[in-house]
Amino acid sequence: MEHHIIYISAADHLMTIEELSTILEESRQWNQEHGITGMLLYVEGIFASLGKRNVESAIAGRFMQILEGSREEVEIIFNKIKKDPRHCNVTPIENAPSSVRYFESWQMGFKVLSASELKDNSDFFNPDILFASGSDQELSRPLNFLRSFYLRGQSQQTSFQS
């Protein structure tokens with residue numbers, strides 16, 4: 001049976017395109033060797049962060065990612081990500097068995113968005129608000145959001161697919 005984990009995390013610093021490209025290359029190679037597919041979203045914007053006794057806002061980066069494959073392989077890579085110093089506050093928002101792969105042709109789809117582009121997306125999901133769907137929908141809201149990029153990539157053959 002297939003398995004997937006969706007998580008969000010804060011980047012330890014504002015990532016450059018070169019750093020993101022390195023992450024993507026490393027991910028695609030590892031994923032190909034271990035049968036993992038998925039989507040990585042990086043969002044730059046002004047996010048609230050809790051400082052000592054106050055809330056501060058700063059330009060920062062956030063990751064949102066879905067990893068899918070065998071449960072064992074998904075958990076191995078997720079544990080590596082939790083230890084990666086480029087990620088802070090790694091928070092799983094969905095960890096579940098799947099009957100199918102939703103990103104079957106992507107070793108790792110990738111997209112960079114600004115916070116305003118994120119909000120303009122019709123499938124908007126705010127990665128700063130932990131959300132686990134309690135509805136009876138087949139796909140959860142975070143999964144639908146990430147899948148929207150995959151479906152657009154499939155129809156448009158965009159540069160962010162693997």
Side-chain angles (χ1 to χ4, degrees), residues 2-98 101-103 106-119 121 124-132 140-143 145-150 153 158-162:
E2 301 294 329
H3 195 83
H4 71 264
I5 293 177
I6 301 173
Y7 74 88
I8 57 174
S9 68
D12 76 323
H13 65 280
L14 202 55
M15 297 280 173
T16 65
I17 292 299
E18 293 78 20
E19 290 171 309
L20 292 169
S21 293
T22 298
I23 290 171
L24 188 58
E25 288 173 28
E26 292 169 355
S27 298
R28 286 182 173 160
Q29 181 177 346
W30 199 94
N31 291 352
Q32 185 172 17
E33 294 169 3
H34 295 89
I36 299 291
T37 54
M39 170 78 189
L40 175 63
L41 182 66
Y42 179 75
V43 181
E44 286 185 357
I46 298 177
F47 299 97
S49 75
L50 295 173
K52 293 184 179 183
R53 299 184 184 223
N54 63 353
V55 176
E56 301 170 358
S57 292
I59 295 177
R62 296 282 190 270
F63 292 103
M64 182 175 189
Q65 184 172 28
I66 181 169
L67 301 161
E68 56 185 10
S70 74
R71 182 179 184 137
E72 179 182 3
E73 293 291 349
V74 168
E75 288 181 355
I76 288 169
I77 190 59
F78 183 62
N79 286 327
K80 286 178 67 173
I81 290 166
K82 289 191 293 188
K83 295 175 185 172
D84 188 326
R86 297 172 291 195
H87 293 269
C88 303
N89 303 320
V90 177
T91 306
I93 55 177
E94 192 167 293
N95 186 343
S98 304
R101 286 195 186 212
Y102 299 102
F103 300 86
W106 283 4
Q107 294 303 316
M108 186 50 58
F110 178 68
K111 181 75 174 159
V112 175
L113 292 175
S114 69
S116 61
E117 289 173 310
L118 179 69
K119 289 180 183 172
N121 186 304
F124 174 67
F125 170 78
N126 184 344
D128 271 353
I129 298 173
L130 296 180
F131 176 87
S140 69
R141 191 169 175 196
L143 181 54
F145 173 68
L146 289 167
R147 181 120 169 101
S148 72
F149 294 101
Y150 176 74
T158 59
S159 62
F160 58 86
Q161 81 182 59
S162 65

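Quick note: residue numbers are just sequence positions, from 1.
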Original post:
Do C88 and D12 have side chains that get closer than 4.5 Å, going by heavy atoms?
Top reply: yes
**OP:** Work out which heavy atom in K80 is nearest to a heavy atom in W30; give both atom names and the distance.
**Re:** NZ-NE1, 3.1 Å
**OP:** Given side chain to side chain contact (heavy atoms under 4.5 Å, CB included), test N31 with T37 step by step and report yes or no.
**Re:** CA-CA 7 Å; N31 291 352; T37 54; over 6 Å; no
Original post:
Does any non-hydrogen side-chain atom of E44 lie less than 4.5 Å from one of L14?
Top reply: yes
Subject >> Under 3.5 Å: donor-acceptor pair, side chain of S27, backbone of E25 >> reply: no
Original post:
Going by atom types alone, do N95 and H4 pair a side-chain donor with an acceptor below 3.5 Å?
Top reply: no
**OP:** Could you pull out the closest heavy-atom pair between F63 and A11, with the gap in Å?
**Re:** CE1-CB, 3.7 Å
**OP:** Could you grab the distance from atom CG of N79 to atom CG of D84, nearest 0.5 Å is fine?
**Re:** 12.5 Å
**OP:** Answer whether the closest heavy-atom distance between the side chains of E94 and I66 falls below 4.5 Å.
**Re:** no
Original post:
Going through the checks in order, is the side chain to side chain contact (heavy atoms under 4.5 Å, CB included) test met by H3 and E72?
Top reply: CA-CA 9 Å; H3 195 83; E72 179 182 3; over 6 Å; no
Subject >> E26 atom CD, neighbour heavy-atom count above 12 within 6.0 Å >> reply: yes
Subject >> Min side-chain heavy-atom separation I8-V90 under 4.5 Å >> reply: no
Original post:
If you take all heavy atoms of I36 and R101, which pair is closest and at what distance?
Top reply: C-NH1, 4.0 Å
Subject >> Minimum heavy-atom distance E68-Y102, with the two atoms named >> reply: OE1-N, 2.9 Å
Subject >> Considering all heavy atoms, the nearest E19-H13 contact >> reply: OE2-NE2, 2.7 Å
Original post:
Quick one: are M64 and M39 in side-chain contact, heavy atoms under 4.5 Å?
Top reply: no
Original post:
Does CD belonging to E33 count more than 12 external heavy atoms closer than 6.0 Å?
Top reply: yes
**OP:** Side-chain contact test, heavy atoms from C-beta onward, threshold under 4.5 Å: evaluate it for Q65 versus M108 and give yes or no.
**Re:** yes
Original post:
Step by step, would you call H87 with Y7 a side chain to side chain contact (heavy atoms under 4.5 Å, CB included)?
Top reply: CA-CA 11 Å; H87 293 269; Y7 74 88; 3.6 Å; yes
Original post:
Once you round to the nearest 0.5 Å, how far does CG of L40 lie from CG of L67?
Top reply: 9.0 Å
Subject >> Distance-minimising heavy-atom pair for Y42 and G61 >> reply: OH-CA, 3.5 Å
